[in-house]
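Note that the structure is predicted; figures quoted are calculated from it, not measured. In what follows, chains carry the letters A, B, and so on, assigned in the order in which the sequence lines appear, proteins first and then strands, with residues in each chain numbered from 1.
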There are 2 protein chains.
Amino acid sequence: MHRFRTATFDLENGKRLQNNKNMKTTIKDIARDVGVNVATVSRALNNKPGVSPELRRTIQRRAAELNYLPYGQARSLVTRRTETVGLLFDMELGTLLSNPFYSEVLAGIEAEIRQHDYSLMFASTSGEPVQHFTALPKFIVEHRVDGVIVVGSVEANIIDMLITSGQPFVIVDYHLPDRHLDAVLADNVRGAYAATELLIGLGHRTIAFVGGEPLDHGNFGERLEGYRRALNDAGIPFQDDLVAGGGIENGDLNALQILARRPDTTAVIACNDTNAIAALNALQRKGYGVPDRISIVGFDDIPHAARTHPPLTTVHVDRRGMGRAAALRLIHKLHDNDSQPECETVFPAKLVVRESSGPPPAAKPADSEAVLPDERQ
Amino acid sequence: MHRFRTATFDLENGKRLQNNKNMKTTIKDIARDVGVNVATVSRALNNKPGVSPELRRTIQRRAAELNYLPYGQARSLVTRRTETVGLLFDMELGTLLSNPFYSEVLAGIEAEIRQHDYSLMFASTSGEPVQHFTALPKFIVEHRVDGVIVVGSVEANIIDMLITSGQPFVIVDYHLPDRHLDAVLADNVRGAYAATELLIGLGHRTIAFVGGEPLDHGNFGERLEGYRRALNDAGIPFQDDLVAGGGIENGDLNALQILARRPDTTAVIACNDTNAIAALNALQRKGYGVPDRISIVGFDDIPHAARTHPPLTTVHVDRRGMGRAAALRLIHKLHDNDSQPECETVFPAKLVVRESSGPPPAAKPADSEAVLPDERQ
DNA sequence: CTGTTAGCGCTTTCAC
DNA sequence: GTGAAAGCGCTAACAG
């Protein structure tokens with residue numbers, strides 16, 4: 001009947017396991033060793049009631065001596081909980097990590113997750129080719145996580161698959177206006193609005209917006225929208241040729257380009273700090289004084305923004321807080337069974353005025369530039 | 001005898017599960033549905049031999065229809081393999097991620113791991129306080145990973161715990177000279193040697209080294225050592241006041257400080273690119289021409305190094321490759337049972353000459369500075 | 001080729 | 001307080 005494990009014969013040898021290199025000790029071993037039932041060992045080790053204090057101590061001591069390490073797999077199989085959450089993002093890990101925005105979000109998630117004694121699994125789009133998820137990552141398919149945090153934009157079908165899989169999940173920094181999902185977001189529109197408003201208040205009238213891809217939706221789209229609205233509310237017409245999209249790292253080229261075709265520009269808003277800093281450097285190198293000739297404001301308030309020359313005026317987003325909030329939201333979902341309904345948590349975006357923004361240069365030269373007949377319509 | 005799961009009574013209803021929201025379908029359900037044994041289902045789904053092609057197809061189709069997702073936990077319990085590896089690093093995640101060096105290493109690890117269809121778990125030092133590991137992370141303790149990759153320096157006792165736990169592991173970018181462990185390393189000494197040699201060859205004699213913490217061991221220590229050896233081999237005495245350690249982000253302050261006390265300095269080697277770029281900016285801002293007045297060389301060849309003005313001469317390390325190598329090494333350890341002995345894989349560090357390095361300014365002025373009597377001994 | 005059965009390590013009723 | 005036994009979902013002998 002009884003087959004023997006590996007090559008060890010079960011000759012009533014209570015301690016055989018600790019002598020066998022290939023075998024980890026289990027509660028069964030401890031039970032045999034102490035002379036109690038496995039259930040008692042389980043109770044003792046998990047600090048559950050129903051074990052006399054001294055027995056509990058004996059068991060715990062013996063477990064430590066035998067170098068006992070529990071098998072999470074086995075526990076999870078019966079408890080249906082892995083105490084692990086998965087992180088999902090539709091970019092290559094390197095891309096995600098090198099983005100100061102997301103790396104802070106991740107740090108927040110990790111901190112919160114860890115504080116609740118959960119573990120974290122990662123999944124990104126595979127390898128070098130810019131290839132998107134075709135299926136959910138293995139660890140989700142195999143029930144290896146209790147829930148998922150989606151970071152940034154992912155393909156719509158991934159969200160659908162998550163929904164049909166029944167996996168609890170929350171999204172951070174990706175706004176799906178239609179669906180009603182748990183999400184943690186930054187108030188991009190209002191942030192960009194405030195930034196634009198600041199510049200208008202300083203007297204700027206020709207304000208450029210240098211963006212990244214994509215510019216029609218997502219974070220950058222929302223920021224562009226805030227810029228647009230602020231202009232509109234101030235009665236300044238929105239002008240296409242003051243906006244440049246394109247590669248996120250090309251803030252320098254974009255800014256230079258706009259300035260070439262619209263020399264009357266006196267301020268630029270960048271879709272994020274990385275872009276703003278690139279623009280700042282490029283402009284300074286070309287001899288444009290910042291903020292005397294041209295003001296620059298960024299978005300995100302990455303650490304480096306405070307250390308540029310001049311320090312960058314930007315819009316602060318509590319990325320770390322967003323990460324923590326998302327993680328916390330998920331953990332709540334996992335514990336209180338479906339208690340709260342889906343909700344969006346919007347983090348305020350706060351303008352941080354530093355020294356890269358100031359009033360535009362005296363009106364005269366700007367005016368003369370502006371009326372040059374050869375200016376593009 | 002038979003207790004009923006939850007509130008569903010087992011009335012020979014082969015399809016009850018898919019109607020029950022709380023219950024995922026299992027191979028048992030499929031078996032019942034198709035009218036075969038669970039073992040057959042298992043074989044069919046895992047593409048194992050011993051199932052007729054048509055039966056296999058039927059089972060697979062039915063599994064898909066029933067929305068079957070396997071329970072990795074259960075499988076792992078019997079196969080003793082989780083197909084997951086853990087990542088261990090003794091810093092806060094944010095710190096790790098904001099470091100371009102490590103984020104590339106991680107990307108490499110992730111890519112390789114994923115290619116082999118493994119998953120990745122993360123563990124960092126907990127939370128904000130600079131607190132080090134006191135115990136192995138939960139996922140290791142609970143056998144939730146098959147092996148571990150240690151990134152960067154960790155406390156020695158963590159290594160010890162890993163060893164006694166019997167977990168297969170490989171270290172990347174952390175050199176423990178004493179022990180004989182699996183590790184993937186960069187050839188820091190030789191890299192720094194080459195950089196220093198380049199400068200010496202160009203005619204520099206007063207070469208500063210601006211470092212980060214710690215400077216007595218680890219990567220920076222090894223780079224300093226390479227610098228030292230190159231000087232030595234060229235017959236140039238090593239001078240303490242040409243070296244500045246301190247905060248890794250303070251390349252600017254350190255460089256300025258050295259230049260203040262040793263105006264005869266004509267070149268600086270930085271312990272990494274982040275530092276070098278900080279120094280570059282600071283020096284240029286103070287009016288020092290680079291490379292005319294002073295040459296700068298970095299270490300790591302982070303992406304941004306090619307985009308500075310002037311582009312940075314630096315030492316390239318294939319961080320991504322190191323990550324991949326470490327992951328691959330671990331996976332091999334997991335498959336071929338303990339085949340190869342422990343080994344260190346050393347990645348070459350290749351000098352990349354760009355435009356931030358050049359010959360020192362004409363000897364005259366440098367000489368006159370160098371002989372000023374008030375120069376510190 | 002397919003079915004039977006034992007069991008991975010653990011938790012959890014249910015008895016006593 | 002403690003023990004006995006069932007079983008989580010799956011794989012892997014072994015038997016036919």
Discussion item. Any heavy-atom pair between the side chains of T58(B) and V36(B) that's under 4.5 Å?
Written reply: no
Worksheet item: Is the distance from OP1 or OP2 of dT2(D) to the nearest side-chain N or O of S52(A) less than 4.0 Å?
Response: yes
Response to the item:
note: I30(A), atom CD1; dG9(C), atom P; distance rounded to Å ~ 12 Å
Discussion item. The side chain of V78(B) is closest to which nucleotide in this list: dG9(C), dC10(D), dT12(C)?
Written reply: dC10(D)
Worksheet item: Is it true that K333(A) and E342(A) make a salt bridge, defined as a side-chain N closer than 4.0 Å to a carboxylate O?
Response: yes
Discussion item. Is there a side-chain contact between K48(B) and the phosphate of dA12(D), meaning an N or O under 4.0 Å from OP1 or OP2?
Written reply: yes
Item to complete: Mind calculating the distance between CD (E54(A)) and P (dG1(D)) to the nearest angstrom?
Response: 11 Å
Discussion item. Check this for me: does the side-chain of R80(B) come within 3.5 Å of the base of dG9(C) through a donor and an acceptor?
Written reply: no
Discussion item. Side chain of R43(A), heavy atoms from C-beta onward: which of dG9(D), dA5(D), dG3(D) has the nearest atom to it?
Written reply: dG3(D)
Discussion item. Need one value for P49(A): base, sugar-phosphate or nothing, where a base atom within 4.0 Å counts as base even if backbone is also close, heavy atoms only.
Written reply: nothing
Discussion item. Less than 4.0 angstrom between a side-chain N/O of S42(A) and OP1 or OP2 of dT12(C), yes or no?
Written reply: no
Worksheet item: For N37(B) and dT2(C), is the shortest distance between a side-chain N/O and OP1 or OP2 below 4.0 Å?
Response: no
Fill in: Phosphate contact (dG7(C) OP1 or OP2) by Y71(A) side-chain N/O below 4.0 Å
no
Worksheet item: How bent is the helix from dC1(C)-dG16(D) to dC16(C)-dG1(D), comparing axes over its five end pairs at each side, to the nearest 10°?
Response: 40°
Item to complete: Taking only the side-chain heavy atoms of V38(A) (C-beta and beyond), determine which of dT2(D), dA5(D), dC10(D) contains the nearest atom.
Response: dA5(D)
Discussion item. Can you measure L77(B) atom CG to dA6(C) atom C1' for me and round it to whole angstrom units?
Written reply: 13 Å
Discussion item. For Y71(A), give me all partners under ring pair (Phe, Tyr, Trp, His ring centres under 6.0 Å), at least two apart in sequence or on another chain.
Written reply: H143(B)
Discussion item. Quick one: does any side-chain atom of E112(B) pair with a main-chain N or O of G323(B) as donor and acceptor, under 3.5 Å?
Written reply: no
Discussion item. Rounding to an integer number of Å, can you tell me how far L69(A) CG sits from dC10(C) C1'?
Written reply: 15 Å
Worksheet item: dC8(C) P sits how many Å from H143(B) NE2, rounded?
Response: 15 Å
Fill in: Main-chain N/O of V151(A) paired with D173(A) side-chain donor or acceptor, under 3.5 Å
no
Discussion item. Using a 3.5 Å distance criterion without hydrogens, assess whether the side chain of N37(B) forms a donor-acceptor pair with backbone atoms of A39(B).
Written reply: yes
Worksheet, complete the sentence: Here the distance between atom P of dC10(C) and atom CD of E83(A), to the nearest Å, is 15 Å
Fill in: Those residues that, when tested against Q115(A), pass side-chain contact (heavy atoms from CB on, under 4.5 Å) (two or more places apart)
R324(A)
Worksheet item: Rounded to whole angstrom units, what separation is found between the CG atom of N47(A) and the P atom of dT12(C)?
Response: 14 Å
Practice prompt. Could you tell me the separation between the CZ atom of R32(A) and the C1' atom of dG9(C), rounded to a whole number of Å?
Written response: 13 Å
Worksheet item: Can a donor-acceptor pair under 3.5 Å be found between the side-chain atoms of R56(A) and the base atoms of dG1(D)?
Response: no
Item to complete: Run the salt-bridge test on E54(A) and R57(A) with the 4.0 Å N-O cut-off and return the result as yes or no.
Response: no
Discussion item. Both R75(B) and T40(B) contact DNA chain C. Taking the nearest nucleotide for each, which residue is further toward the 5' end?
Written reply: T40(B)
